[in-house]
There are 2 protein chains.
Amino acid sequence: MSTKTQDTLQDMPHAAPEASLDATPGAASRTWPEASSQTSWQSVHAEVLHRIHTRQWKPGDLIPKEVELAEQLGCARATVNRALRELAAEGFLDRRRKAGTRVATHPVRRAKLDIPVIRLEIEGRGQKYAYGLLFSERRTPPPEICTNLRVSPDSDMLHITSLHLADGKPYMFEERWVSVAATPEIANADLSKISANEWLVLHAPYTKGDISFSAVLASETEAKVLRTQKDAPLFLIERTTWNGDHGITSARLLFAPGYRMHSAI
Amino acid sequence: MSTKTQDTLQDMPHAAPEASLDATPGAASRTWPEASSQTSWQSVHAEVLHRIHTRQWKPGDLIPKEVELAEQLGCARATVNRALRELAAEGFLDRRRKAGTRVATHPVRRAKLDIPVIRLEIEGRGQKYAYGLLFSERRTPPPEICTNLRVSPDSDMLHITSLHLADGKPYMFEERWVSVAATPEIANADLSKISANEWLVLHAPYTKGDISFSAVLASETEAKVLRTQKDAPLFLIERTTWNGDHGITSARLLFAPGYRMHSAI
DNA sequence: AAATATAATATGTCTGCACATAATATTTCT
DNA sequence: AGAAATATTATGTGCAGACATATTATATTT
C-alpha cells in the first residue's frame, strides 16, 4: 500500500464549497470502528450523512466532487461513487452530470414498504393463520375491472372472495379478479387450500404493479364478514398487477378495524 | 479472454426496464440504443429478471454464480455483481456468501413510498396550496407523546395544529408535537408562514423515523376542521422522528375523505 | 458420535484505469 | 447580438485483478 499517511475520515479540514464559515471542526473525536485499513464505502456513506446531519452541508449545498472527496477520504473514486450513489437513491443527494452533487433540498423520505404475503405477516407476529375461500366463480368481468386491468369485457376471469384470519379472528377480506387467459393454470389450483394471492405470488410473476391505500367505511356485507359493524373505518389496499401488457389480477384487500401498516424511514 | 463467440446481451428481445407509458404494446422488435458494444449492468438486470419472469429460474432456484454468468453474458464479474446486487435489493433474489444466489421464494414486494412535503404533493397535481396555522402553544407533553418520543414529561415542547388546503379545500389536518430542546431554533420560526413539517425538513435532520398508516373515524372537531361529517373515514398517517436518541417530533396527519396514497411496485 | 479445526468457495468490496455521456461554458460564425 | 459549433467537466459505467469475509463442506480430534 501507499506508505503515505492518508487523511482518513478522522480529521478533515474540508473546504466548504460556498458554505462560509461555521465549520464545526469539533467533530474531531469521531472515531470509526475502522478495523480494516481500507476506507469502505459505508464509512464514506456514514461520513457524508454525518456532515449533512450536522449541517456542515446544508440542503441545496454543492458538495465536493468525487475525485476531491476520494482524495480527502483516502480512497478510490469508485468507492466514493458507490456511497454517493446510494445516498442519492435514498433521497439525501441530488446528482447531475457536470452539474455536480448537492444536498437534497426536499429530503423526500423514501419509505420502504415491505408488502408480505398475508400469511407470513400474521405468522411473523406469532399468531395462527387461517384462510377461508368464501366464494368463487368464473365469468366475465364488470366494467370497472376492465378499465382497471385494461382487458376486454368478454375475457375469461376468475372472481374470488376470501377471508384471512389471525388467531381465529377476521383479519382481512379479499376480493379478487384473476385473468384466466394470463394464467391458465390457476383454473386447476385448489384455492380452498392456498390463497389466490399466495398462488399468484408463486406462479404468476409480474412486471409492473400498482398499489394504493385509503380509508373506507364498511358496507353491510363487509362488516358482517369481518365481524364488525357497518360504517366501521377500514383500511383498504387496492392492488393491480400486470405481466407486460397483460393484466393479471386486481384485488381489493379490506382490513379489519385497527389494522396498521408500518414502516421505518 | 475467451475468444469464443459469446451470447451477449446485445440483442435481447425483451422487457423494457420501465419506460412503459402505453405507446405501442407490441414492442416486439426492441432494440437497445446499444451504440456501445459493452454489456451494461442494466441489460444483465433485465435479462435475469426476464429469466425469472419466464420461469426459467423459479422461486427457490439456485442461479449460476457470478463468474459463470459473466462468462455467459460476456461481461466482467463486477457488472454482473452490480445487476444482481440491485435485484437482491429489489427483493427478487436472495444472496448469501458461499451459498450462492437464489430466486426469492417469497417475493416480498418492496413498494417505495415517496413521502413528499405536502405542499409539493399538492402543487405537483397543479392545485393551489394553502396552509393555515390553527393553534400553537408551548407546554409539557401529554403522556402518550412522552412514551412515543421517549422524552420526559416535563420537557419543553411545541404543540401545533394546522390545516393544509388544496384549491381552497381542506386537504390534511396536522397535529404535531415538537421538542424545543432538540431544535431550539423552531421557537423563533414563523409557523404561520411555513408549515412546521416543512420547517423541520429544512432545519432538523433526523436519523431514524417511524411511520404508520391506518383508517379512523372523524371526530366531531376533526370533521369540522376538514369540512366533512363526523364518522367519515379518514386516512391517518402517524410519523415520529428521532435524531440519534433525541426525539424530534411526533405528528398525526389526518387526510380528508377520498385521499389515496399511491405507489408503483 | 460429537465437537473442533481446516479447507474450499461464492459473494462483497477496493483499486486504478479508461471511456461514455450529459450538461454546462466557451468560442466561433453569421 | 444571437445562433451554432466546440470544448470542458462531473458523473456514470465498464474492466481486470486482488483481497476480505461469511458460510458451507470436509477432515480431524476427543
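Lettering of chains follows the sequences in order, A, B, ..., and the numbering in each one begins at 1.
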Along DNA chain C (nearest heavy atom to each residue), the more 5'-positioned of V67(B) and A78(B):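 The answer here is V67(B).
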Residue mapping more 5' on DNA chain C - nearest nucleotide basis, N81(B) or A99(A): N81(B)
Can you tell me which nucleotide in [options] comes closest to the side chain of [X]?
| X | options | result |
| --- | --- | --- |
| R77(A) | dC15(D), dT13(C), dT13(D) | dT13(D) |
| K98(A) | dT9(C), dT9(D), dC14(C) | dT9(D) |
| R95(A) | dT13(D), dG12(D), dA22(C) | dG12(D) |

Residues R260(A), E238(B): salt bridge by 4.0 Å N-O rule: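 Looking at R260(A) and E238(B), the cut-off is met.
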K193(A)/D190(A) ion pair, N-O < 4.0 Å: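 D190(A) and K193(A): salt-bridged.
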Between [atom2] of [N] and [atom1] of [X], the distance in whole Å:
| X | N | atom1 | atom2 | value |
| --- | --- | --- | --- | --- |
| W41(A) | dT11(C) | CH2 | P | 18 Å |
| Q42(A) | dA20(D) | CD | P | 17 Å |
| L62(A) | dT11(D) | CG | C1' | 12 Å |
| R102(A) | dA23(C) | CZ | C1' | 13 Å |
| L84(A) | dT13(D) | CG | C1' | 15 Å |
| D94(B) | dA22(D) | CG | P | 19 Å |
| R85(B) | dT13(C) | CZ | C1' | 9 Å |
| E66(A) | dA22(C) | CD | C1' | 14 Å |

Pair H164(A) and Y171(A), ring centroids less than 6.0 Å apart: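 Here the rings of Y171(A) and H164(A) have centres that are no less than 6.0 Å from each other.
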Would you kindly check whether a donor in the side chain of [X] faces an acceptor in the base of [N], or vice versa, at under 3.5 angstrom?
| X | N | value |
| --- | --- | --- |
| R97(A) | dT21(C) | yes |
| R82(A) | dG12(D) | no |
| R96(B) | dT21(D) | no |

Verdict with supporting geometry, H203(B) and I186(B), side-chain contact (heavy atoms from CB on, under 4.5 Å): CA-CA 9 Å; H203(B) 299 87; I186(B) 198 170; over 6 Å; no
Any T79(B) side-chain N or O less than 4.0 Å from OP1/OP2 of dT13(D):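 Negative; the distance criterion is not met.
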Phosphate OP1/OP2 of dA10(C): any K65(B) side-chain N/O under 4.0 Å: yes
R95(B) and T101(B) side chains, donor-acceptor separation under 3.5 Å: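 Note: T101(B) and R95(B) side chains meet the donor-acceptor criterion.
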